[in-house]
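For clarity, every value in this text was computed on a predicted model and none was experimentally measured. The first residue of the sequence shown is numbered 1, and numbering continues consecutively from there.
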Amino acid sequence: MPVEFKDSADKHRIPREDAIHAMVNAVASEQVEGEPGEVTTVYVGHPHPQTERYIEVIVALRPPRTLTVFHVQPLSDRYRHLLYGGSEQR
């Protein structure tokens with residue numbers, strides 16, 4: 001499945017490899033409201049195995065089968081609750 005990064009995903013200068021690592025090894029994830037016809041998911045995970053900090057990565061699955069990463073940043077209060085329940089554990 002192809003993965004594309006929008007310019008907005010680079011705003012916080014988190015390397016794309018770190019975003020992929022956080023998605024693949026997410027501690028928690030949750031579907032969020034997105035554009036019609038897309039499945040949008042926020043992933044919370046570590047950017048690499050040697051850290052305790054978390055990042056949030058928001059991805060849209062766009063037809064026909066493209067993962068579009070449009071948001072990557074250090075974990076914000078908006079999604080911190082995913083670490084403490086109320087989430088879909090992966």
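For His21, there are no ring pair (Phe, Tyr, Trp, His ring centres under 6.0 Å) partners two or more places apart in sequence or in a different chain.
No donor-acceptor pair closer than 3.5 Å links the side chain of Ser29 to the backbone N or O of Val42. Panel note: side chain His12, backbone Ala9; no donor-acceptor pair is recorded below 3.5 Å. Side-chain atoms of Arg65 do not come within 3.5 Å of backbone N or O of Pro2 as any donor-acceptor pair.
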task: For Val32 and Tyr79, run side chain to side chain contact (heavy atoms under 4.5 Å, CB included): C-alpha distance rounded to whole Å, both residues' side-chain angles, the deciding distance at 0.1 Å, then the answer.
output: CA-CA 11 Å; Val32 294; Tyr79 297 112; 4.2 Å; yes
field: Residues Leu83, Val44; criterion side chain to side chain contact (heavy atoms under 4.5 Å, CB included); working and verdict
entry: CA-CA 8 Å; Leu83 294 177; Val44 174; 3.7 Å; yes
task: With side chain to side chain contact (heavy atoms under 4.5 Å, CB included) as the test, would you mind laying out the steps for Asn25 and Tyr43 before giving the verdict?
output: CA-CA 9 Å; Asn25 300 287; Tyr43 296 94; over 6 Å; no
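Atom CG of residue Leu82 and atom CD of residue Glu30 lie 5.0 Å apart, to the nearest 0.5 angstrom. Note: Thr51 OG1 to Asp18 CG = 9.5 Å, rounded to the nearest 0.5 Å. To the nearest 0.5 Å, atom OG1 of residue Thr40 and atom CG of residue Leu61 are 8.5 Å apart.
Scanning all heavy atoms of the two residues, the minimum distance from Pro47 to Ile55 falls at CB-CD1, 4.0 Å. Contact detail for Phe70 and Ser8: the closest heavy-atom pair is O-OG, 2.6 Å.
Between Val59 and Met23 there is a side-chain heavy-atom pair separated by less than 4.5 Å. The shortest side-chain heavy-atom distance between Gln73 and His71 falls under the 4.5 Å cut-off.
Contacts classified as salt bridge (charged side-chain N to carboxylate O under 4.0 Å, His left out) and involving residues 1-11 (residues at least two apart or in different chains) are given here: Glu4-Lys6, Asp10-Arg16. Within the structure, every pair that satisfies the salt bridge (charged side-chain N to carboxylate O under 4.0 Å, His left out) test and touches residues 41-62, not counting sequence neighbours, is listed here: Glu38-Arg62.
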